[in-house]
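Order of the sequence lines fixes the chain letters, A, B, ..., with proteins taken first and strands second; residue numbering starts at 1 for each chain.
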Amino acid sequence: DAGITQSPRHKVTETGTPVTLRCHQTENHRYMYWYRQDPGHGLRLIHYSYGVKDTDKGEVSDGYSVSRSKTEDFLLTLESATSSQTSVYFCAITSDRAPDTQYFGPGTRLTVL
Amino acid sequence: GIQVEQSPPDLILQEGANSTLRCNFSDSVNNLQWFHQNPWGQLINLFYIPSGTKQNGRLSATTVATERYSLLYISSSQTTDSGVYFCAAYYNTDKLIFGTGTRLQVFP
């Protein structure tokens with residue numbers, strides 16, 4: 001257990017509304033990641049962060065933004081949710097003690113109607 | 001970027017059987033990991049194995065980096081082994097690319 005929590009765990013929203021998902025970690029790890037998981041695609045990287053206010057895009061970043069104002073929190077925002085963003089979202093960290101290994105949070109299931 | 005392919009996509013076993021899952025990657029990688037996603041959705045890191053062989057109980061993994069593949073062996077499978085197994089490889093040092101997974105169902 002790498003001390004990762006995600007909130008909310010489930011959310012249903014309507015097209016066009018803003019949505020923010022939160023990832024919280026308790027062990028001051030430097031690297032944090034947001035993935036989405038869809039059938040037939042496995043997990044795909046949306047954005048990642050390598051420190052406070054340091055973020056970069058992953059392979060499916062369009063329509064998403066992130067912020068990291070504190071080490072422990074990494075926020076993923078959908079400015080105007082679309083049905084194609086219905087997915088399960090996972091946060092992950094890379095442990096400073098094991099930098100080649102990623103540990104995942106429990107996931108957030110988001111449904112956009 | 002690199003491509004990561006897994007086979008087979010689906011596998012059905014009876015409890016006690018052995019199985020081999022394969023992961024092919026299209027380019028040289030510095031890091032190869034195997035994950036298990038249980039039926040409740042939780043992702044668990046099984047192995048970090050850029051090369052060589054590692055074992056953990058009934059599971060073992062082998063990566064032959066020069067031939068660009070990795071294998072995950074499950075021996076004496078149990079119903080608790082059910083779920084989806086993913087391999088993933090790093091590119092650009094800090095971004096993981098995942099395969100599409102092998103869905104394993106173990107029946108009693």
Note, B:Tyr90 side chain near A:Gln102 side chain (heavy atom, < 4.5 Å): yes
Check: B:Gln42 and A:Phe90 side chains under 4.5 Å, non-hydrogen atoms: no
Heavy-atom side-chain proximity of A:Leu43 to B:Leu43 below 4.5 angstrom: yes
Between CG on residue B:Leu96 and CZ on residue A:Arg44, distance to nearest 0.5 Å: 15.5 Å
Working for side chain to side chain contact (heavy atoms under 4.5 Å, CB included), residues B:Gln33 and A:Thr101: CA-CA 7 Å; B:Gln33 298 184 32; A:Thr101 303; 4.2 Å; yes
Cluster overlap A:Tyr35 with A:Tyr31, hydrophobic side-chain contacts below 4.5 Å: yes
B:Gln37 versus chain A, the contacting section by heavy-atom distance below 4.5 Å: side chain
More than 12 heavy atoms of other groups within 6.0 Å of B:Glu15 CD: yes
Whether over 12 other heavy atoms sit under 6.0 Å from A:Arg109 CZ: no
Chain A contact via B:Ile97 - side chain, backbone, both or neither, heavy atoms under 4.5 Å: side chain
ILVMFWY cluster, B:Tyr73 and B:Leu46 together (side-chain gap under 4.5 Å): no
Under 4.5 Å from a heavy atom of chain A, the part of B:Phe35 involved: side chain
Co-membership, hydrophobic cluster, residues B:Leu59 and B:Leu104, 4.5 Å side-chain: yes
Neighbour count >12 (heavy atoms, 6.0 Å) for atom CD, B:Glu5: no
